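Inspection log for the structure reproduced underneath, given as C-alpha coordinates.
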Amino acid sequence: MEVFAQQALNAIALGGVYALLGLGLAMVFSVLGMINFAHGEIMTLSGYALVFVATTLGWPFGLAVISACLLAGAAAAMTERIAFRPVRGASLTTMLLTTFAVSSILHVVFQNFISPRPIAVPVPEWLTQSLNVGGLQIGTLQAISIAVSLVALIGLVGFLRFSTLGLAMRSAAQDFSVTRLMGISADRVIIGAFAISGLLAGLSGFLWVAQRGSVDPLMGFVPVLKAFTAVVLGGLGSLNGAVLGGFLLGILEVSLRASLPQELLPFRDAISLSIVIGLLVMRPQGLIGRAEAVR
Amino acid sequence: MEAPTQRHTQPALEVRGLDVNYSGIRAVRQLDLTVNAGEIVTLIGPNGAGKSSTLMAIVGLVQRSGQIYLDGQDVSGFSTEQMVRAGLTLSPEGRRVFSGLTVAENLRLGGASNKDRAAEQVRLLDTFPVLKERYHQRAGTLSGGEQQILAIARALMSRPRILLLDEPSLGLAPKIVDTIFQVIAELRQWGISVLLVEQDIERALRVSDRGYVMSHGEILATDTAANMLSDANLKDLFFGAHQ
Ligand SMILES: Nc1ncnc2c1ncn2[C@@H]1O[C@H](COP(=O)(O)OP(=O)(O)OP(=O)(O)O)[C@@H](O)[C@H]1O
Ligand SMILES: [Mg+2]
(Lines give C-alpha, C1' and ligand atoms only; values in the text may rest on other atoms or scores of the structure.)
(Ligands and ions follow the chains in the order given, each with its own letter.)
Protein backbone atom coordinates (compact mmCIF):
# COMPACT_ATOMS: atom_id res chain seq x y z
CA MET A 1 0.00 0.00 0.00
CA GLU A 2 2.69 2.43 0.98
CA VAL A 3 4.75 1.45 -1.99
CA PHE A 4 1.77 2.09 -4.19
CA ALA A 5 1.08 5.50 -2.63
CA GLN A 6 4.73 6.40 -3.05
CA GLN A 7 4.70 5.43 -6.71
CA ALA A 8 1.40 7.25 -7.28
CA LEU A 9 2.97 10.39 -5.86
CA ASN A 10 5.99 9.97 -8.13
CA ALA A 11 3.71 9.47 -11.10
CA ILE A 12 1.68 12.60 -10.35
CA ALA A 13 4.80 14.69 -9.90
CA LEU A 14 6.36 13.47 -13.15
CA GLY A 15 3.03 13.55 -15.00
CA GLY A 16 2.50 17.15 -13.91
CA VAL A 17 5.79 18.20 -15.50
CA TYR A 18 4.90 16.31 -18.70
CA ALA A 19 1.46 17.89 -18.70
CA LEU A 20 3.01 21.38 -18.52
CA LEU A 21 5.43 20.47 -21.30
CA GLY A 22 2.66 19.03 -23.46
CA LEU A 23 0.44 22.04 -22.88
CA GLY A 24 3.25 24.30 -24.04
CA LEU A 25 3.32 22.51 -27.38
CA ALA A 26 -0.46 22.16 -27.55
CA MET A 27 -1.11 25.90 -27.03
CA VAL A 28 0.81 26.79 -30.18
CA PHE A 29 -0.41 23.75 -32.09
CA SER A 30 -4.03 24.57 -31.37
CA VAL A 31 -3.83 27.98 -33.05
CA LEU A 32 -1.20 27.38 -35.75
CA GLY A 33 -1.44 23.64 -36.44
CA MET A 34 2.33 23.45 -36.01
CA ILE A 35 4.50 21.56 -33.52
CA ASN A 36 7.07 24.03 -32.26
CA PHE A 37 10.24 21.99 -31.89
CA ALA A 38 12.03 25.04 -30.51
CA HIS A 39 9.98 24.65 -27.33
CA GLY A 40 12.80 22.69 -25.69
CA GLU A 41 15.28 25.49 -26.36
CA ILE A 42 12.96 28.01 -24.71
CA MET A 43 13.07 25.69 -21.69
CA THR A 44 16.86 25.59 -21.86
CA LEU A 45 16.94 29.37 -22.12
CA SER A 46 14.87 29.65 -18.95
CA GLY A 47 17.36 27.32 -17.26
CA TYR A 48 20.25 29.63 -18.20
CA ALA A 49 18.24 32.64 -17.11
CA LEU A 50 17.65 30.98 -13.76
CA VAL A 51 21.39 30.44 -13.28
CA PHE A 52 22.19 33.98 -14.38
CA VAL A 53 19.66 35.68 -12.14
CA ALA A 54 20.33 33.46 -9.11
CA THR A 55 24.13 33.27 -9.37
CA THR A 56 25.38 36.29 -11.27
CA LEU A 57 22.80 38.77 -10.01
CA GLY A 58 22.48 36.98 -6.70
CA TRP A 59 18.69 37.37 -6.47
CA PRO A 60 16.70 35.06 -4.20
CA PHE A 61 15.94 31.72 -5.85
CA GLY A 62 12.14 32.20 -5.95
CA LEU A 63 12.52 35.55 -7.65
CA ALA A 64 15.01 34.03 -10.09
CA VAL A 65 12.47 31.34 -11.02
CA ILE A 66 9.79 33.93 -11.68
CA SER A 67 12.14 36.09 -13.78
CA ALA A 68 13.23 33.03 -15.78
CA CYS A 69 9.61 32.14 -16.54
CA LEU A 70 8.78 35.67 -17.63
CA LEU A 71 11.88 35.77 -19.79
CA ALA A 72 10.89 32.46 -21.40
CA GLY A 73 7.43 33.86 -22.16
CA ALA A 74 8.95 36.97 -23.72
CA ALA A 75 11.51 34.93 -25.68
CA ALA A 76 8.81 32.65 -27.10
CA ALA A 77 6.77 35.69 -28.12
CA MET A 78 9.89 37.09 -29.79
CA THR A 79 10.45 33.90 -31.80
CA GLU A 80 6.89 34.29 -33.06
CA ARG A 81 7.40 37.90 -34.05
CA ILE A 82 10.80 37.36 -35.68
CA ALA A 83 10.71 33.85 -37.10
CA PHE A 84 7.19 32.45 -37.31
CA ARG A 85 5.13 35.46 -38.36
CA PRO A 86 6.94 35.81 -41.70
CA VAL A 87 6.12 32.18 -42.60
CA ARG A 88 2.56 32.26 -41.30
CA GLY A 89 0.25 30.81 -43.92
CA ALA A 90 3.14 29.05 -45.65
CA SER A 91 3.11 25.27 -46.01
CA LEU A 92 3.31 23.10 -42.92
CA THR A 93 6.72 21.87 -44.05
CA THR A 94 8.04 25.43 -44.18
CA MET A 95 6.73 26.13 -40.71
CA LEU A 96 8.21 22.93 -39.26
CA LEU A 97 11.57 23.68 -40.87
CA THR A 98 11.40 27.11 -39.28
CA THR A 99 10.91 25.55 -35.85
CA PHE A 100 14.00 23.37 -36.45
CA ALA A 101 15.94 26.42 -37.61
CA VAL A 102 15.02 28.40 -34.49
CA SER A 103 15.95 25.40 -32.38
CA SER A 104 19.36 25.01 -34.06
CA ILE A 105 20.13 28.71 -33.90
CA LEU A 106 19.45 28.71 -30.18
CA HIS A 107 21.71 25.63 -29.75
CA VAL A 108 24.54 27.44 -31.47
CA VAL A 109 23.97 30.56 -29.41
CA PHE A 110 24.01 28.55 -26.18
CA GLN A 111 27.14 26.64 -27.22
CA ASN A 112 29.11 29.65 -28.37
CA PHE A 113 27.99 32.43 -26.11
CA ILE A 114 27.33 30.50 -22.92
CA SER A 115 29.12 27.16 -22.78
CA PRO A 116 29.07 23.82 -24.54
CA ARG A 117 29.38 22.11 -21.14
CA PRO A 118 26.75 21.71 -18.43
CA ILE A 119 26.46 24.59 -15.98
CA ALA A 120 25.44 23.92 -12.40
CA VAL A 121 22.14 25.33 -11.21
CA PRO A 122 22.34 26.73 -7.68
CA VAL A 123 19.47 24.64 -6.37
CA PRO A 124 18.92 25.71 -2.75
CA GLU A 125 19.44 23.04 -0.13
CA TRP A 126 15.85 23.10 1.12
CA LEU A 127 14.63 22.07 -2.34
CA THR A 128 16.63 18.85 -2.27
CA GLN A 129 15.40 17.71 1.12
CA SER A 130 12.49 15.41 1.69
CA LEU A 131 9.82 15.00 4.31
CA ASN A 132 8.63 11.78 5.82
CA VAL A 133 4.86 11.96 6.06
CA GLY A 134 3.31 8.80 7.51
CA GLY A 135 5.92 6.57 5.91
CA LEU A 136 5.81 8.40 2.56
CA GLN A 137 8.95 10.07 1.32
CA ILE A 138 7.87 13.38 -0.16
CA GLY A 139 10.68 15.37 -1.68
CA THR A 140 10.29 19.13 -1.40
CA LEU A 141 10.89 19.39 -5.12
CA GLN A 142 8.30 16.71 -5.75
CA ALA A 143 5.75 18.58 -3.65
CA ILE A 144 6.63 21.79 -5.47
CA SER A 145 6.30 20.04 -8.84
CA ILE A 146 2.80 18.90 -7.97
CA ALA A 147 1.81 22.30 -6.60
CA VAL A 148 3.27 24.23 -9.54
CA SER A 149 1.59 21.97 -12.09
CA LEU A 150 -1.76 22.22 -10.36
CA VAL A 151 -1.62 25.98 -9.95
CA ALA A 152 -0.51 26.43 -13.56
CA LEU A 153 -3.25 24.14 -14.84
CA ILE A 154 -5.93 25.88 -12.81
CA GLY A 155 -4.64 29.29 -13.85
CA LEU A 156 -4.63 28.29 -17.50
CA VAL A 157 -8.13 26.85 -17.33
CA GLY A 158 -9.34 30.09 -15.74
CA PHE A 159 -7.63 32.15 -18.42
CA LEU A 160 -9.08 30.05 -21.26
CA ARG A 161 -12.56 30.18 -19.74
CA PHE A 162 -12.92 33.69 -18.47
CA SER A 163 -10.72 36.05 -20.48
CA THR A 164 -11.63 37.21 -23.96
CA LEU A 165 -8.15 36.42 -25.26
CA GLY A 166 -8.37 32.94 -23.74
CA LEU A 167 -11.76 32.33 -25.32
CA ALA A 168 -10.36 33.57 -28.61
CA MET A 169 -7.53 31.04 -28.36
CA ARG A 170 -10.06 28.26 -27.96
CA SER A 171 -12.24 29.49 -30.79
CA ALA A 172 -9.18 30.01 -33.00
CA ALA A 173 -8.27 26.37 -32.44
CA GLN A 174 -11.58 25.50 -34.04
CA ASP A 175 -11.98 28.22 -36.67
CA PHE A 176 -9.34 30.88 -37.05
CA SER A 177 -11.11 32.89 -39.78
CA VAL A 178 -14.33 33.22 -37.84
CA THR A 179 -12.36 34.22 -34.75
CA ARG A 180 -11.05 37.17 -36.77
CA LEU A 181 -14.66 37.99 -37.66
CA MET A 182 -15.17 38.62 -33.96
CA GLY A 183 -12.94 41.67 -34.39
CA ILE A 184 -10.07 39.91 -32.65
CA SER A 185 -6.58 40.44 -34.02
CA ALA A 186 -4.97 37.26 -35.36
CA ASP A 187 -1.57 38.56 -34.28
CA ARG A 188 -2.69 38.96 -30.68
CA VAL A 189 -4.11 35.45 -30.50
CA ILE A 190 -0.99 33.89 -31.95
CA ILE A 191 1.56 35.89 -30.00
CA GLY A 192 -0.52 35.27 -26.87
CA ALA A 193 -0.39 31.53 -27.49
CA PHE A 194 3.40 31.71 -27.87
CA ALA A 195 3.80 33.80 -24.72
CA ILE A 196 1.76 31.32 -22.67
CA SER A 197 3.62 28.45 -24.23
CA GLY A 198 6.87 30.17 -23.22
CA LEU A 199 5.67 30.69 -19.64
CA LEU A 200 4.85 26.99 -19.47
CA ALA A 201 8.28 26.18 -20.89
CA GLY A 202 9.76 28.35 -18.14
CA LEU A 203 7.84 26.55 -15.39
CA SER A 204 8.61 23.09 -16.69
CA GLY A 205 12.18 24.21 -17.36
CA PHE A 206 12.56 25.18 -13.71
CA LEU A 207 11.19 21.81 -12.52
CA TRP A 208 13.40 19.97 -15.02
CA VAL A 209 16.69 21.69 -14.18
CA ALA A 210 15.98 21.66 -10.45
CA GLN A 211 15.75 17.89 -10.80
CA ARG A 212 18.96 17.52 -12.83
CA GLY A 213 20.92 20.26 -11.11
CA SER A 214 22.44 21.54 -14.35
CA VAL A 215 21.75 23.18 -17.71
CA ASP A 216 23.39 22.34 -21.03
CA PRO A 217 22.76 23.44 -24.61
CA LEU A 218 21.12 20.18 -25.75
CA MET A 219 19.04 19.73 -22.63
CA GLY A 220 15.77 20.60 -24.36
CA PHE A 221 15.68 17.56 -26.60
CA VAL A 222 14.37 14.95 -24.18
CA PRO A 223 11.62 17.10 -22.64
CA VAL A 224 10.33 18.24 -26.03
CA LEU A 225 10.19 14.58 -27.06
CA LYS A 226 8.20 13.79 -23.91
CA ALA A 227 5.93 16.75 -24.60
CA PHE A 228 5.38 15.60 -28.15
CA THR A 229 4.56 12.09 -26.94
CA ALA A 230 2.09 13.46 -24.38
CA VAL A 231 0.40 15.66 -26.99
CA VAL A 232 0.11 12.89 -29.57
CA LEU A 233 -1.07 10.41 -26.95
CA GLY A 234 -3.77 12.76 -25.70
CA GLY A 235 -4.80 13.86 -29.17
CA LEU A 236 -3.20 16.58 -31.29
CA GLY A 237 -5.11 19.82 -31.10
CA SER A 238 -6.71 19.14 -27.74
CA LEU A 239 -5.49 21.02 -24.66
CA ASN A 240 -7.26 18.60 -22.32
CA GLY A 241 -5.64 15.81 -24.29
CA ALA A 242 -2.18 17.25 -23.65
CA VAL A 243 -2.81 17.25 -19.90
CA LEU A 244 -4.24 13.74 -19.93
CA GLY A 245 -1.41 12.51 -22.16
CA GLY A 246 1.17 14.10 -19.86
CA PHE A 247 -0.19 12.41 -16.75
CA LEU A 248 -0.58 9.06 -18.53
CA LEU A 249 2.99 9.22 -19.75
CA GLY A 250 4.12 9.98 -16.18
CA ILE A 251 2.15 7.04 -14.82
CA LEU A 252 3.47 4.76 -17.55
CA GLU A 253 7.10 5.68 -16.93
CA VAL A 254 6.85 5.39 -13.18
CA SER A 255 5.11 2.01 -13.44
CA LEU A 256 7.77 0.71 -15.79
CA ARG A 257 10.55 1.97 -13.56
CA ALA A 258 8.94 0.19 -10.60
CA SER A 259 8.09 -3.06 -12.32
CA LEU A 260 10.79 -3.75 -14.92
CA PRO A 261 13.59 -6.18 -14.02
CA GLN A 262 16.98 -4.57 -13.48
CA GLU A 263 18.44 -5.62 -16.83
CA LEU A 264 15.54 -4.08 -18.80
CA LEU A 265 15.60 -0.72 -17.01
CA PRO A 266 17.88 0.96 -19.58
CA PHE A 267 15.20 0.25 -22.19
CA ARG A 268 12.34 1.80 -20.29
CA ASP A 269 11.98 4.82 -22.57
CA ALA A 270 11.93 2.57 -25.61
CA ILE A 271 9.37 0.33 -23.94
CA SER A 272 7.14 3.23 -22.90
CA LEU A 273 7.31 4.70 -26.41
CA SER A 274 6.38 1.30 -27.86
CA ILE A 275 3.35 1.17 -25.59
CA VAL A 276 2.37 4.68 -26.71
CA ILE A 277 2.72 3.62 -30.35
CA GLY A 278 0.57 0.57 -29.62
CA LEU A 279 -2.13 2.81 -28.13
CA LEU A 280 -1.98 5.07 -31.16
CA VAL A 281 -2.37 2.14 -33.53
CA MET A 282 -5.64 1.41 -31.77
CA ARG A 283 -6.70 5.07 -31.56
CA PRO A 284 -4.83 7.10 -34.16
CA GLN A 285 -6.59 10.34 -33.22
CA GLY A 286 -5.25 10.08 -29.66
CA LEU A 287 -7.25 9.50 -26.51
CA ILE A 288 -9.53 12.53 -26.75
CA GLY A 289 -8.54 13.86 -30.15
CA ARG A 290 -11.05 14.67 -32.83
CA ALA A 291 -11.79 11.73 -35.07
CA GLU A 292 -11.27 13.66 -38.30
CA ALA A 293 -7.78 14.56 -39.42
CA VAL A 294 -6.42 17.69 -37.80
CA ARG A 295 -6.08 20.29 -40.57
CA MET B 1 -43.99 47.56 -46.15
CA GLU B 2 -43.59 50.55 -48.45
CA ALA B 3 -40.94 50.58 -51.11
CA PRO B 4 -38.30 52.73 -49.49
CA THR B 5 -35.94 52.99 -52.42
CA GLN B 6 -35.97 56.77 -52.74
CA ARG B 7 -35.19 57.39 -49.09
CA HIS B 8 -31.74 55.89 -49.18
CA THR B 9 -29.10 57.84 -50.96
CA GLN B 10 -26.05 57.71 -48.73
CA PRO B 11 -24.03 54.54 -49.49
CA ALA B 12 -23.22 52.65 -46.30
CA LEU B 13 -21.11 50.16 -48.25
CA GLU B 14 -19.67 50.79 -51.66
CA VAL B 15 -17.64 48.18 -53.54
CA ARG B 16 -15.77 49.16 -56.73
CA GLY B 17 -13.89 46.86 -59.07
CA LEU B 18 -13.63 43.95 -56.66
CA ASP B 19 -11.51 41.03 -57.88
CA VAL B 20 -10.95 37.68 -56.20
CA ASN B 21 -8.49 35.14 -57.58
CA TYR B 22 -7.92 31.66 -56.24
CA SER B 23 -4.64 30.46 -57.74
CA GLY B 24 -5.74 30.95 -61.32
CA ILE B 25 -9.52 30.86 -60.90
CA ARG B 26 -11.07 34.30 -61.24
CA ALA B 27 -13.98 33.87 -58.83
CA VAL B 28 -15.01 37.56 -58.78
CA ARG B 29 -14.30 40.03 -61.59
CA GLN B 30 -14.57 43.81 -61.47
CA LEU B 31 -17.60 43.66 -59.24
CA ASP B 32 -19.39 46.88 -58.26
CA LEU B 33 -22.15 47.02 -55.69
CA THR B 34 -23.67 49.46 -53.25
CA VAL B 35 -25.70 49.09 -50.08
CA ASN B 36 -27.30 52.36 -48.97
CA ALA B 37 -27.86 53.21 -45.32
CA GLY B 38 -30.88 51.33 -43.98
CA GLU B 39 -31.23 49.15 -47.06
CA ILE B 40 -31.54 45.41 -47.37
CA VAL B 41 -29.92 44.23 -50.58
CA THR B 42 -29.98 40.69 -51.94
CA LEU B 43 -27.25 39.13 -54.04
CA ILE B 44 -28.48 36.13 -56.00
CA GLY B 45 -26.84 33.76 -58.44
CA PRO B 46 -26.31 30.07 -59.16
CA ASN B 47 -23.92 27.80 -57.26
CA GLY B 48 -20.34 28.80 -57.81
CA ALA B 49 -21.28 32.29 -59.05
CA GLY B 50 -18.91 33.88 -56.54
CA LYS B 51 -21.41 35.16 -53.96
CA SER B 52 -19.59 33.82 -50.91
CA SER B 53 -16.26 34.88 -52.37
CA THR B 54 -17.65 38.41 -52.70
CA LEU B 55 -18.74 38.53 -49.07
CA MET B 56 -15.52 36.93 -47.82
CA ALA B 57 -13.49 39.40 -49.87
CA ILE B 58 -15.41 42.38 -48.50
CA VAL B 59 -14.59 41.36 -44.91
CA GLY B 60 -11.02 40.57 -45.90
CA LEU B 61 -11.04 36.82 -45.27
CA VAL B 62 -9.86 36.11 -48.81
CA GLN B 63 -7.27 38.07 -50.82
CA ARG B 64 -8.92 40.85 -52.75
CA SER B 65 -8.21 43.84 -54.91
CA GLY B 66 -10.47 46.75 -55.60
CA GLN B 67 -11.96 49.60 -53.55
CA ILE B 68 -14.24 49.32 -50.54
CA TYR B 69 -15.84 52.33 -48.82
CA LEU B 70 -17.73 52.34 -45.54
CA ASP B 71 -19.83 55.50 -45.14
CA GLY B 72 -17.56 57.12 -47.70
CA GLN B 73 -14.33 56.17 -45.90
CA ASP B 74 -11.83 54.15 -47.93
CA VAL B 75 -11.31 50.89 -46.04
CA SER B 76 -9.80 48.91 -48.92
CA GLY B 77 -6.66 48.13 -46.95
CA PHE B 78 -8.43 47.06 -43.76
CA SER B 79 -7.89 43.61 -42.25
CA THR B 80 -10.87 41.54 -41.13
CA GLU B 81 -10.57 42.68 -37.54
CA GLN B 82 -10.37 46.33 -38.62
CA MET B 83 -13.48 45.92 -40.79
CA VAL B 84 -15.41 44.48 -37.86
CA ARG B 85 -14.25 47.31 -35.64
CA ALA B 86 -15.27 49.78 -38.35
CA GLY B 87 -18.83 48.42 -38.26
CA LEU B 88 -19.08 45.73 -40.93
CA THR B 89 -19.33 42.03 -40.20
CA LEU B 90 -20.31 38.72 -41.78
CA SER B 91 -22.38 35.79 -40.63
CA PRO B 92 -20.67 33.16 -42.78
CA GLU B 93 -22.07 30.41 -44.94
CA GLY B 94 -22.55 27.21 -42.97
CA ARG B 95 -23.05 29.11 -39.67
CA ARG B 96 -19.64 28.18 -38.26
CA VAL B 97 -20.51 28.68 -34.61
CA PHE B 98 -17.76 27.68 -32.19
CA SER B 99 -19.22 24.28 -31.37
CA GLY B 100 -16.92 23.50 -28.44
CA LEU B 101 -17.79 26.80 -26.73
CA THR B 102 -21.03 27.58 -24.94
CA VAL B 103 -23.70 29.92 -26.31
CA ALA B 104 -22.58 32.46 -23.72
CA GLU B 105 -18.95 32.20 -24.86
CA ASN B 106 -19.91 32.50 -28.53
CA LEU B 107 -21.84 35.68 -27.77
CA ARG B 108 -19.04 37.06 -25.64
CA LEU B 109 -16.58 36.62 -28.51
CA GLY B 110 -19.05 38.21 -30.88
CA GLY B 111 -18.98 41.29 -28.68
CA ALA B 112 -15.22 41.28 -28.19
CA SER B 113 -14.88 44.57 -30.07
CA ASN B 114 -17.95 46.19 -28.48
CA LYS B 115 -17.67 48.16 -25.25
CA ASP B 116 -21.44 48.02 -24.77
CA ARG B 117 -21.65 44.31 -25.24
CA ALA B 118 -23.60 43.74 -22.01
CA ALA B 119 -26.47 45.96 -23.19
CA GLU B 120 -26.32 44.41 -26.64
CA GLN B 121 -26.55 40.95 -25.16
CA VAL B 122 -29.62 41.83 -23.07
CA ARG B 123 -31.35 43.04 -26.20
CA LEU B 124 -30.37 40.00 -28.27
CA LEU B 125 -31.41 37.51 -25.60
CA ASP B 126 -34.81 39.25 -25.51
CA THR B 127 -35.07 38.98 -29.27
CA PHE B 128 -33.90 35.36 -29.34
CA PRO B 129 -35.24 33.69 -26.17
CA VAL B 130 -33.99 30.32 -27.37
CA LEU B 131 -30.43 31.54 -26.74
CA LYS B 132 -31.36 32.40 -23.19
CA GLU B 133 -32.66 28.87 -22.67
CA ARG B 134 -29.50 27.35 -24.10
CA TYR B 135 -27.15 29.94 -22.62
CA HIS B 136 -24.77 27.54 -20.88
CA GLN B 137 -25.01 24.77 -23.45
CA ARG B 138 -22.26 24.02 -25.93
CA ALA B 139 -23.10 25.48 -29.32
CA GLY B 140 -22.41 22.10 -30.92
CA THR B 141 -25.42 20.62 -29.11
CA LEU B 142 -27.84 23.14 -30.66
CA SER B 143 -30.08 22.29 -33.62
CA GLY B 144 -29.22 23.71 -37.03
CA GLY B 145 -31.81 26.45 -36.70
CA GLU B 146 -30.63 27.39 -33.22
CA GLN B 147 -27.05 27.49 -34.47
CA GLN B 148 -28.07 29.84 -37.28
CA ILE B 149 -29.79 32.13 -34.79
CA LEU B 150 -26.66 32.01 -32.64
CA ALA B 151 -24.48 32.83 -35.65
CA ILE B 152 -26.60 35.89 -36.46
CA ALA B 153 -26.76 36.99 -32.81
CA ARG B 154 -23.00 36.53 -32.50
CA ALA B 155 -22.48 38.78 -35.52
CA LEU B 156 -24.91 41.34 -34.10
CA MET B 157 -23.02 41.43 -30.80
CA SER B 158 -20.43 43.69 -32.46
CA ARG B 159 -23.26 46.19 -33.13
CA PRO B 160 -22.48 46.41 -36.87
CA ARG B 161 -23.86 49.10 -39.14
CA ILE B 162 -23.63 46.67 -42.05
CA LEU B 163 -24.27 42.96 -41.78
CA LEU B 164 -23.38 40.52 -44.54
CA LEU B 165 -25.47 37.34 -44.33
CA ASP B 166 -24.47 34.27 -46.34
CA GLU B 167 -27.31 31.78 -46.91
CA PRO B 168 -28.93 32.06 -43.49
CA SER B 169 -31.86 29.77 -44.40
CA LEU B 170 -29.85 26.98 -45.96
CA GLY B 171 -30.97 23.54 -44.78
CA LEU B 172 -33.36 24.81 -42.10
CA ALA B 173 -36.92 23.78 -41.27
CA PRO B 174 -39.62 26.13 -42.69
CA LYS B 175 -40.65 27.41 -39.28
CA ILE B 176 -37.14 28.52 -38.46
CA VAL B 177 -36.75 30.05 -41.91
CA ASP B 178 -39.78 32.22 -41.05
CA THR B 179 -38.07 33.38 -37.86
CA ILE B 180 -34.84 34.15 -39.70
CA PHE B 181 -36.58 36.26 -42.34
CA GLN B 182 -38.53 38.10 -39.63
CA VAL B 183 -35.25 38.92 -37.95
CA ILE B 184 -33.73 40.15 -41.21
CA ALA B 185 -36.70 42.41 -41.83
CA GLU B 186 -36.38 43.73 -38.28
CA LEU B 187 -32.72 44.66 -38.72
CA ARG B 188 -33.91 47.65 -40.74
CA GLN B 189 -35.56 49.06 -37.59
CA TRP B 190 -32.32 48.55 -35.73
CA GLY B 191 -30.58 50.77 -38.24
CA ILE B 192 -28.52 47.95 -39.69
CA SER B 193 -27.99 47.72 -43.45
CA VAL B 194 -27.90 44.20 -44.85
CA LEU B 195 -26.28 42.49 -47.81
CA LEU B 196 -27.99 39.12 -48.09
CA VAL B 197 -27.03 36.07 -50.12
CA GLU B 198 -29.88 33.58 -50.41
CA GLN B 199 -31.00 30.58 -52.43
CA ASP B 200 -34.63 31.29 -51.52
CA ILE B 201 -34.77 34.15 -54.01
CA GLU B 202 -38.39 35.04 -53.63
CA ARG B 203 -38.39 35.33 -49.87
CA ALA B 204 -35.13 37.20 -49.94
CA LEU B 205 -36.43 39.73 -52.46
CA ARG B 206 -39.61 40.19 -50.43
CA VAL B 207 -37.66 41.56 -47.46
CA SER B 208 -35.23 43.48 -49.66
CA ASP B 209 -35.13 46.93 -51.23
CA ARG B 210 -32.92 46.00 -54.15
CA GLY B 211 -31.23 43.02 -55.72
CA TYR B 212 -28.19 42.06 -57.77
CA VAL B 213 -27.89 39.01 -59.99
CA MET B 214 -24.43 37.58 -60.41
CA SER B 215 -22.94 34.74 -62.39
CA HIS B 216 -19.40 33.62 -63.16
CA GLY B 217 -18.03 36.29 -60.88
CA GLU B 218 -19.82 39.18 -62.56
CA ILE B 219 -22.92 41.25 -61.86
CA LEU B 220 -25.41 40.63 -64.68
CA ALA B 221 -28.28 42.81 -63.54
CA THR B 222 -29.55 45.02 -60.74
CA ASP B 223 -32.98 46.45 -59.99
CA THR B 224 -35.40 47.20 -57.18
CA ALA B 225 -36.64 44.12 -55.40
CA ALA B 226 -40.23 44.96 -56.36
CA ASN B 227 -39.34 45.09 -60.06
CA MET B 228 -37.33 41.91 -59.83
CA LEU B 229 -40.18 40.09 -58.11
CA SER B 230 -42.73 41.16 -60.70
CA ASP B 231 -40.32 40.74 -63.56
CA ALA B 232 -41.32 37.62 -65.45
CA ASN B 233 -37.85 37.65 -66.91
CA LEU B 234 -36.18 37.21 -63.57
CA LYS B 235 -36.36 33.46 -63.73
CA ASP B 236 -35.10 33.49 -67.30
CA LEU B 237 -32.29 35.78 -66.29
CA PHE B 238 -31.43 33.63 -63.31
CA PHE B 239 -31.59 30.34 -65.12
CA GLY B 240 -29.86 31.93 -68.06
CA ALA B 241 -26.99 32.53 -65.72
CA HIS B 242 -26.55 28.78 -65.34
CA GLN B 243 -25.25 28.36 -68.87
N1 LIG C 1 -10.90 28.60 -51.30
C2 LIG C 1 -11.10 28.41 -52.61
N3 LIG C 1 -10.09 27.99 -53.41
C4 LIG C 1 -10.26 27.80 -54.73
N5 LIG C 1 -11.41 28.02 -55.38
C6 LIG C 1 -12.46 28.45 -54.64
C7 LIG C 1 -12.37 28.66 -53.23
N8 LIG C 1 -13.57 29.08 -52.78
C9 LIG C 1 -14.37 29.12 -53.86
N10 LIG C 1 -13.72 28.75 -54.98
C11 LIG C 1 -14.27 28.73 -56.35
O12 LIG C 1 -14.69 30.03 -56.66
C13 LIG C 1 -15.90 30.01 -57.32
C14 LIG C 1 -16.94 30.82 -56.56
O15 LIG C 1 -17.23 30.16 -55.35
P16 LIG C 1 -18.20 30.79 -54.25
O17 LIG C 1 -18.17 29.89 -53.07
O18 LIG C 1 -17.86 32.19 -54.03
O19 LIG C 1 -19.62 30.69 -54.97
P20 LIG C 1 -21.07 30.87 -54.39
O21 LIG C 1 -21.77 31.75 -55.32
O22 LIG C 1 -21.03 31.28 -52.98
O23 LIG C 1 -21.64 29.38 -54.51
P24 LIG C 1 -22.71 28.62 -53.56
O25 LIG C 1 -24.05 29.06 -54.01
O26 LIG C 1 -22.45 27.18 -53.90
O27 LIG C 1 -22.41 28.93 -52.16
C28 LIG C 1 -16.28 28.56 -57.49
O29 LIG C 1 -15.86 28.16 -58.77
C30 LIG C 1 -15.50 27.86 -56.43
O31 LIG C 1 -15.19 26.56 -56.83
MG1 LIG D 1 -21.69 30.43 -51.22
Side-chain angles (χ1 to χ4, degrees), chain A residues 26-27 29-31 33 85 88-91 156-193 234-244 285-292 294-295, chain B residues 52 55-63 78-115 117 120 136 138-140 147 150-160 163-166:
Chain A
M27 282 303 297
F29 185 89
S30 70
V31 299
R85 194 170 298 181
R88 198 190 295 166
S91 73
L156 191 61
V157 167
F159 169 77
L160 291 170
R161 279 244 164 128
F162 301 117
S163 75
T164 305
L165 186 61
L167 284 175
M169 284 176 191
R170 284 164 60 206
S171 67
Q174 190 191 331
D175 194 329
F176 208 109
S177 303
V178 178
T179 301
R180 297 181 60 199
L181 273 176
M182 307 294 104
I184 294 161
S185 142
D187 289 345
R188 269 189 62 198
V189 171
I190 294 174
I191 211 162
L236 269 173
S238 160
L239 298 181
N240 296 333
V243 175
L244 180 70
Q285 73 273 35
L287 295 170
I288 46 181
R290 286 167 284 186
E292 73 269 34
V294 189
R295 285 192 235 192
Chain B
S52 298
L55 300 192
M56 298 283 273
I58 294 172
V59 295
L61 282 179
V62 297
Q63 278 279 338
F78 275 26
S79 67
T80 303
E81 40 271 31
Q82 288 173 312
M83 280 288 183
V84 173
R85 284 165 189 273
L88 177 142
T89 193
L90 163 72
S91 172
E93 184 173 12
R95 310 188 261 276
R96 291 167 77 171
V97 296
F98 302 121
S99 55
L101 273 59
T102 64
V103 168
E105 289 169 336
N106 271 272
L107 291 175
R108 168 137 183 228
L109 282 172
S113 63
N114 183 352
K115 280 190 216 74
R117 66 164 170 249
E120 200 58 47
H136 293 294
R138 277 173 190 247
Q147 290 191 13
L150 175 58
I152 294 176
R154 181 182 65 182
L156 291 174
M157 280 293 291
S158 67
R159 196 78 181 93
L163 175 64
L164 314 185
L165 273 173
D166 199 347

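Chain naming here is simple, since letters A, B, ... match the order of the sequence lines and numbering starts at 1 in each. Here the structure is a predicted model, which means the values were calculated and not measured.
- Heavy-atom minimum distance, Phe98(B) versus Asp175(A): CE2-O, 3.8 Å.
- For a residue to count as touching a neighbouring chain, one of its non-hydrogen atoms must lie under 4.5 Å from one of that chain's; by this rule Arg96(B) touches chain A with backbone and side chain alike.
- Neither the backbone nor the side chain of Arg95(B) has a heavy atom closer than 4.5 Å to any heavy atom of chain A.
- Summarising the geometry, atom CE belonging to Met182(A) is positioned 7.5 Å from atom OG belonging to Ser158(B); distances are rounded to the nearest 0.5 Å.
- Looking at Thr80(B), the atoms closer than 4.5 Å to chain A (heavy atoms on both sides) sit in the backbone and in the side chain alike.
- Of the two parts of Ser91(B), neither the backbone nor the side chain holds a non-hydrogen atom closer than 4.5 Å to a non-hydrogen atom of chain A.
- Inter-residue side-chain proximity for Thr89(B) and Leu181(A) is flagged as met; some heavy-atom pair is nearer than 4.5 Å.
- Under the 3.5 Å distance criterion, the side-chain polar atoms of Arg108(B) are matched with a main-chain donor or acceptor of Phe162(A).
- The distance from atom CG of Leu109(B) to atom CD1 of Ile184(A), rounded to the nearest 0.5 Å, is 5.0 Å.
- Heavy atoms of Leu61(B) lying under 4.5 Å from chain A belong exclusively to its side chain.
- Using a cut-off of 4.0 Å between Lys/Arg side-chain N and Asp/Glu carboxylate O, Arg170(A) and Glu105(B) are scored as salt-bridged.
- We find the CZ-CG distance between Arg180(A) and Leu90(B) to be 12.5 Å, quoted to the nearest 0.5 Å.
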